[in-house]
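Notes follow the structure.
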Amino acid sequence: MRTEDIAAVVCGHFPEGEVRAVERLEGGVSAQVFRVDLRLADGADTSVVLRAMGKSGLDSAQEFALLAALHSAGLPTPRPIRFDDSRRELDATYVLMAFVEGSTEIPQGEAEAHIVCMAESLATIHRTPTSGLPPLPSRFDPVPELPAFLPDGPQWQALRDHIASLAPSPFEGPPALLHGDFWPRNLLWRDGRIAAVLDWEDAACGDPLSDIACAQLELSYLFEDRLVDLFLETCRTHAMIEPHRFALWQIYVAAAAQRFMGDWGLEPSRVAHMRRMALRQIRAAAAVLGVAVAAPA
């Protein structure tokens with residue numbers, strides 16, 4: 001996607017403004033994200049973010065409506081400005097939103113405090129009333145889709161057989177707002193606090209344990225086990241984590257991740273590390289279900 005096309009779209013919304021710079025932002029697999037700095041007609045400088053949507057997850061209209069609702073409710077999310085799903089302006093649908101100052105990096109030596117803050121923020125998201133939100137996908141039960149994601153190989157057959165024996169067991173509690181991809185790179189930090197929760201394209205309503213399992217796996221890629229355990233301990237102060245159901249979600253998110261992570265354009269060494277951690281999580285969760293899976297030789 002050409003930066004001059006991005007600049008033209010932003011100028012269309014700020015017709016008397018002058019674009020000073022366009023920067024492609026790192027991160028994200030399914031979407032292309034650009035920061036645009038511009039000078040407004042009154043001489044003030046401002047920045048906006050254009051998120052060109054990918055092929056999966058919420059469409060631009062859904063994500064715009066969700067961001068508008070969450071921003072109005074006081075959650076730390078970027079303020080949406082407009083969306084376009086016509087593809088006449090760009091060769092993609094997009095959401096234009098206000099730029100939020102912050103960093104996705106967790107400072108050296110501050111991981112514990114930031115991870116506790118992450119767990120607290122996720123609990124706040126899960127407590128957000130869903131009645132005023134736009135329609136979102138449902139995420140209530142890991143069992144029906146799980147067989148399609150499980151690893152290949154005879155060592156996994158016992159787990160496959162166990163999953164196949166389970167009846168569907170949808171979550172019966174009040175549906176929670178789910179972020180769907182809650183991890184440090186989707187958080188903007190400023191002064192030790194979360195300034196914005198980004199990338200809501202995988203949002204859904206359903207079982208909050210799915211979000212916790214996803215965040216746990218993402219943290220395991222980045223941090224040592226004691227910090228991952230700290231995240232879970234903090235989550236338990238806000239929600240009951242039923243071991244059997246949580247184990248199913250742990251297997252679901254890890255199995256899906258290892259199935260698709262080779263398509264994310266990551267460095268081979270990083271993919272190898274993430275795959276090891278995902279398979280480790282599947283084995284540990286299988287043990288909770290009473291299924292033994294042999295570790296690799």
Side-chain angles (χ1 to χ4, degrees), residues 29 56 119 122 126 137-173 175-176 178-183 202 204 206-233 235-236 239-264 266-297:
V29 174
S56 61
L122 190 58
H126 293 163
S138 297
R139 194 169 297 139
F140 287 97
D141 190 353
V143 173
E145 294 180 90
L146 191 44
F149 300 143
L150 288 171
D152 300 321
Q155 71 269 37
W156 302 100
Q157 191 58 48
L159 180 58
R160 286 185 168 277
D161 292 342
H162 180 80
I163 297 298
S165 73
L166 298 176
S169 55
F171 175 64
E172 296 180 351
L178 310 176
H179 179 273
D181 193 18
F182 193 83
W183 72 298
D202 293 317
D207 187 349
L209 293 187
S210 66
D211 249 4
I212 296 173
C214 179
Q216 178 200 17
L217 178 63
E218 294 284 358
L219 289 171
S220 76
Y221 299 151
L222 302 172
F223 298 105
E224 56 193 285
D225 289 347
R226 70 175 183 87
L227 295 174
V228 181
D229 292 342
L230 175 62
F231 173 79
L232 292 179
E233 290 166 10
C235 288
R236 287 189 180 96
M240 195 275 288
I241 299 182
E242 193 279 312
H244 182 273
R245 187 169 190 83
F246 187 52
L248 288 173
W249 279 117
Q250 287 177 303
I251 295 170
Y252 178 95
V253 300
Q258 64 84 37
R259 178 66 67 182
F260 297 113
M261 62 179 57
D263 301 329
W264 295 344
L266 304 175
E267 291 290 331
S269 60
R270 185 180 176 194
V271 172
H273 168 70
M274 292 168 60
R275 194 178 305 281
R276 283 193 300 271
M277 301 309 292
L279 295 179
R280 188 185 75 158
Q281 178 160 303
I282 296 173
R283 291 188 186 92
V288 173
L289 301 180
V291 180
V293 178

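Worth saying up front: this structure is predicted, and the values here are computed from it rather than measured. All heavy atoms count here, side chains included; hydrogens, waters and symmetry mates do not.
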Check your understanding: When you look at CD of Glu224, are more than 12 heavy atoms from neighbouring residues, nucleotides or ligands closer to it than 6.0 Å?
Key -> yes
Check your understanding: Do you know which two heavy atoms are closest between His273 and Ser220, and how far apart they sit?
Key -> NE2-O, 4.3 Å
Check your understanding: Between Phe246 and Val288, is any pair of side-chain heavy atoms under 4.5 Å apart?
Key -> no
Practice item. Mind listing the closest non-hydrogen atom pair of Asp211 and His179 along with its distance? Key: OD2-N, 2.8 Å
Review point. Does Glu172 CD have over 12 foreign heavy atoms under 6.0 Å away?
Key: no
Check your understanding: About how many Å separate CE of Met274 and CG of Leu217, when rounded to the nearest 0.5 Å?
Key -> 7.5 Å
Exercise for review: Would you please test Asp152 and Arg259 for side chain to side chain contact (heavy atoms under 4.5 Å, CB included) and show each step?
Suggested key: CA-CA 10 Å; Asp152 300 321; Arg259 178 66 67 182; 3.5 Å; yes
Practice item. Could you tell me whether the side chain of Leu150 reaches within less than 4.5 Å of the side chain of Ile163, counting heavy atoms only? Key: yes
Check your understanding: Quick one: CD on Glu233 to CD1 on Ile241, what's the gap to the nearest 0.5 Å?
Key -> 10.0 Å
Practice item. Please work out whether the ring planes of Phe140 and Phe171 are parallel, tilted or perpendicular, with thresholds of 30° and 60°. Key: parallel
Exercise for review: Locate the shortest heavy-atom distance separating Pro142 from Arg245; write the atom from each residue and the value.
Suggested key: CD-NH2, 4.4 Å
Exercise for review: Look only at the side chain of Arg160 and the backbone of Pro151, and say whether a donor-acceptor pair between them is shorter than 3.5 Å.
Suggested key: yes
Practice item. Run the ring-centre check on Tyr252 versus Trp249 and record whether the distance is less than 6.0 Å. Key: yes
Exercise for review: Measure the shortest side-chain to side-chain distance between His126 and Leu178 over non-hydrogen atoms and say whether it is less than 4.5 angstrom.
Suggested key: yes
Point to revise | Asp141 versus Ser169, closest heavy-atom pair with distance | key: OD2-N, 2.7 Å
Review point. What distance do Arg283 atom CZ and Trp156 atom CH2 have between them, rounded to the nearest 0.5 Å?
Key: 4.0 Å
Check your understanding: How long is the span from the CG atom in Leu222 to the CH2 atom in Trp183, to the nearest 0.5 Å?
Key -> 6.0 Å
Exercise for review: Can you see which heavy atom on Phe231 is nearest to which on Ala215, and at what distance?
Suggested key: CZ-CB, 3.6 Å
Revision key, fill the gap. For Arg236, the salt bridge (charged side-chain N to carboxylate O under 4.0 Å, His left out) test, sequence neighbours excluded, returns none
Exercise for review: Evaluate the side-chain proximity of Val253 to Glu218: yes if any heavy-atom separation is below 4.5 Å, no if none is.
Suggested key: no
Revision key, fill the gap. Across all chains, not counting sequence neighbours, the side chain to side chain donor-acceptor pair (under 3.5 Å) partners of Gln258 are none
Review point. Run the side chain to side chain contact (heavy atoms under 4.5 Å, CB included) check on Leu146 and Leu166 step by step: do they pass?
Key: CA-CA 11 Å; Leu146 191 44; Leu166 298 176; over 6 Å; no
Exercise for review: Could you tell me whether the side chain of Phe223 reaches within less than 4.5 Å of the side chain of Leu230, counting heavy atoms only?
Suggested key: no
Check your understanding: Measuring from Ile212:CD1 to Leu219:CG, what's the distance to the nearest 0.5 Å?
Key -> 12.0 Å
Practice item. Take Arg276 and Tyr221 through the test side chain to side chain contact (heavy atoms under 4.5 Å, CB included) and record every step on the way to the result. Key: CA-CA 9 Å; Arg276 283 193 300 271; Tyr221 299 151; over 6 Å; no
Review point. Roughly how far apart are Leu279 CG and Met277 CE, rounded to 0.5 Å?
Key: 10.5 Å
Practice item. Mind listing the closest non-hydrogen atom pair of Ala247 and Leu289 along with its distance? Key: CB-CD2, 3.9 Å
